[in-house]
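This report refers to the structure that appears directly beneath it.
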Amino acid sequence: MSEENTENKQADREQKDFIRQIIDRHNESGRFGGRVHTRFPPEPNGYLHIGHAKSIVLNFTIAEDYGGKTNLRFDDTNPTKEEQEYVDSIIEDVHWLGFDWEDRLFFASDYFERMYEYALQLIRQGDAYVDSQSAEEISRNRRGPTESGVVSPYRERSVEENLDLFKRMAAGEFADGECVLRAKIDMNSPNLNMRDPVMYRILHKSHHRTGDTWCIYPMYDWAHGLEDSIEGITHSICTLEFENHRPLYDWFLDRLGAYHPQQIEFARLNLSYTVMSKRLLMQLVQENYVDGWDDPRMPTISGMRRRGYTPEAIRAFAERVGVSKTNSMVALALLEHMLREDLNKRAIRVMVVLDPVRLVIENYPEGEVEWFEGENNPEDPEAGGRKIPFSRELYIEAADFMEDPPKKFFRLAPGREVRLKHAYYVTCTGVERDAEGNITEIRATYDPATRGGWSEDGRKVKGTLHWVSAAHAADVQVNHYSTLFTREDLSDLDEGESFFDYLNPESKTVLTGCKAEPWLAETAGGAAGAEAGGAPSTGAEAGAAGGAEAQAVGASSTGAGAGAAARRGSSVYESDSPANIRYQFLRKGYYVLDQPVRGGIGSGRSDDKGKRTLVFNQTVTLRDTWAKIAKKQKG
RNA sequence: UGGGACGUAGGCAAGCGGUAAGCCACCGGGUUUUGGUCCCGGCAUGCGCAGGUUCGAAUCCUGCCGUCCCAGCCA
């Protein structure tokens, strides 16, 4: 390690989060012999979301920082809620985020036998008993915060009777709810969790891994510390609501005389305009408010992946928000900032006209086509370039033209000159209208001396527009998204209000008939075709749009530029697929080819002639200063 | 009215008795063939409130106030 690095480490020391400071203290005292071993312990009862990502990043990076290890462990102690589908998705998501647990994939259910033995030990020690009260009685007798609890009439059963009863519970001699195993702690504790918590309940339900081997299942408080202990975890990091459970965590391990990790609690992530509760996300999916767990509007890892988020952006975000014990809500804007920061470096720039209007260059020869070179990424010269066809009839963005422009609008308007990116300066000469007076096309002339998009006479233009040659354009579908909810803070709803009162009816907008430069259809179409497996070759599409010439040139430049870019664009954590290329639609935003879990990449939607249309998802918009100015001018 | 925790800028968050880091947002300006990126500057006489200790307090003490969590055979 260089001296500079050492100094940086020293400097960083001051900035460490409170968890790392605790670990430092442990390392100084030698409590865990300098060892650091964390775990990420999801319950497989739903898909992972951005809040889990914070925890995943925390646990794995802490281990990395200290040269330790992290286990992936499924806390599958409740067969009524857990399913294999969720374990599969969780494994995929943690991997996608870029973390590796090597051979340390564990399941709480693998420890059921040992937990059972430990329970026997507690019973023998007189620290646990079988309670035959009903669930309702147990709950009632626990009483509330202001009064002490009432002890169970079964609390003083003999060790022998408890042993017998518990074994018969496990043997299936009782029906669900007939009795439970409880820890004998303190019915007068001000901490309700210590009032003889339930350790085992009877559940005659098949488990996704252990099948029908067990009909008693351990409760969280009993199981979790044992799982950590068995795996030799040093720091068991969890969220704030478990703070009240720590005395229990400690009590069990102390009574058992078992290896004892340190539980540490931190504040979970809350994000503005979104909701993180599994219950609600589940409801959104099941009641079809969204198109599944991987709907690009969902805060799930799979949804964000489909939306075009990169693992790097999510990880950078998780590290940037910090770790503390303060309940807080992070601005969505910060997530989007980290996203743009990453995407700006890697996205391939292409021109796509989302809301097209025809632009006719009156003095440009009919039938002539010029091919301009476009850089794929100004942030990365190695990304190469591509050829873009230019002709007499183009499409430009409808919003880039105004007949009666306000102040500070420096795009196209009658008599105004602007630059067409990579091509020429053009001056607007007028518009054509239909019978209703709607503009059907914009007319302009170009200056042949500005070839390439700049002028030797030093003349400046204020606006630069993106465009697509009409004859070469490929039709694509583009999905725009905004927040699922219209309310910033969903945690402070008033009595009688529901999350659904704040569902955003405009969270998804489908744009059809968008016009893309042929190169995009060529590369993305190829990716979609390849990934979809057996889908019709996209060559036909490109050919239909741009003709043989476009196809040939597009293909050759693909080999040079896009291939290399694609390799960089896909992170080391992703498959090296061209379908993972992130695009920047110039002046608009970042986009990615739609890749639903089911249905094939690019969605492969067909029109009535059976031609496939590529579908892109908007990941995030570019910062739009003009929109801000325009808004200010209006109001 | 019990217990556990937390209050530093609009949002996060450092700070650990020596005179308020950083990031986002926002506001100015510069560069620019993306109104993007990038660069420069501004943004807490103040740390929930009130007392106290001290030469000196966001940091220590006392008392208030506010917010969150806990009464599942969920995790």
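Here the structure is a predicted model, which is why all the values come from computation and not from measurement. Lettering follows sequence order; numbering is per chain, from 1.
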*asked:* Which residues pass the salt bridge (charged side-chain N to carboxylate O under 4.0 Å, His left out) test with A/D250, not counting sequence neighbours?
replied: none
_Quiz item: A/Q21 side-chain donor-acceptor pair to B/C16 base, under 3.5 Å_ = yes
_N/O (side chain, A/K325) to phosphate O (OP1/OP2, B/C68) under 4.0 Å_ = no
*Which is true for A/Q133 with a 4.0 Å heavy-atom rule: it touches a base, it touches only sugar-phosphate, or it touches nothing?*
base
Might you list the N or O atoms of the protein lying below 3.5 Å from N or O atoms in nucleotides 47-49 of chain B, with each pair's distance?
none

*According to a strict under-4.0 Å criterion, is A/R201 in side-chain N/O contact with OP1 or OP2 of B/G72?*
no
*With a 4.0 Å cut-off on heavy atoms, is A/F242 in touch with a base, just the backbone sugar-phosphate, or nothing at all?*
base
*Go through the N and O atoms of the side chain of A/E136 and the base of B/G72, and report whether any donor-acceptor pair is under 3.5 Å.*
no
*asked:* Within the 4.0 Å heavy-atom criterion, would you say A/H245 contacts the bases, only the backbone, or no part of the nucleic acid?
replied: base
_When you compare the side chain of A/D400 with that of A/R587, does any pair of heavy atoms fall below 4.5 Å?_
yes
*Give a yes/no on whether any side-chain N or O of A/H337 is located under 4.0 angstrom from OP1 or OP2 of B/C24.*
yes
*Could you tell me how the ring of A/W222 sits relative to the ring of A/F252: parallel (under 30°), tilted (30 to 60°) or perpendicular (over 60°)?*
perpendicular
*Please give, in whole Å, the distance from B/C70 P to A/N188 CG?*
22 Å
*Taking the chi torsion of B/G11, is it syn (within 90° of 0) or anti (everything else)?*
anti
*Phosphate OP1/OP2 of B/C73: any A/S134 side-chain N/O under 4.0 Å*: no
*OP1 or OP2 of B/G35 sitting under 4.0 Å from any side-chain N/O of A/R587?*
yes
_Among A/E341, A/E379, A/E312, A/E382, the one residue meeting salt bridge (Lys or Arg N to Asp or Glu O under 4.0 Å) with A/R346_ = A/E312
*With A/P41, which residues qualify under side chain to side chain contact (heavy atoms under 4.5 Å, CB included), at least two apart?*
A/R39, A/R73, A/H224
*So, A/W626 and B/G35: ring centres less than 5.5 Å apart, planes less than 30° off, yes or no?*
yes
_It should be established whether A/S139 places a side-chain nitrogen or oxygen under 4.0 Å from OP1 or OP2 of nucleotide B/G72._
yes
_Whole-Å distance separating the CZ atom of A/R140 from the P atom of B/C73_ = 13 Å
*Provide, to the nearest angstrom, the distance between the CG atom belonging to A/L622 and the P atom belonging to B/U34.*
11 Å
*Under 4.0 Å: is that the gap between some side-chain N or O of A/R143 and OP1 or OP2 of B/G3?*
no
*To the nearest Å, give me how far apart CG (A/D228) and C1' (B/A75) are.*
13 Å
*Considering only heavy atoms and no angle criterion, is a donor-acceptor pair shorter than 3.5 Å present between the side chain of A/R349 and the base of B/U34?*
yes
_For B/C69, does the base pair up with any side-chain atom of A/N244 as donor and acceptor (N or O, under 3.5 Å, distance only)?_
yes
*A/R142 CZ to B/G72 C1': how many Å, rounded?*
8 Å
*A/E373: which of A/K421, A/K387, A/R386 passes salt bridge (Lys or Arg N to Asp or Glu O under 4.0 Å)*: A/K387
*Within the pair A/K421 and B/U32, is there a side-chain N or O less than 4.0 Å away from OP1 or OP2?*
no
*asked:* Check the orientation of A/Y111 and A/F106. Use parallel for under 30°, tilted for 30 to 60°, and perpendicular for over 60°.
replied: tilted
*Kindly say whether, by distance alone, the side chain of A/R411 makes a donor-acceptor pair under 3.5 Å with the base of B/G35?*
yes
*asked:* Does B/A13 have its OP1 or OP2 closer than 4.0 Å to a side-chain nitrogen or oxygen of A/S324?
replied: yes
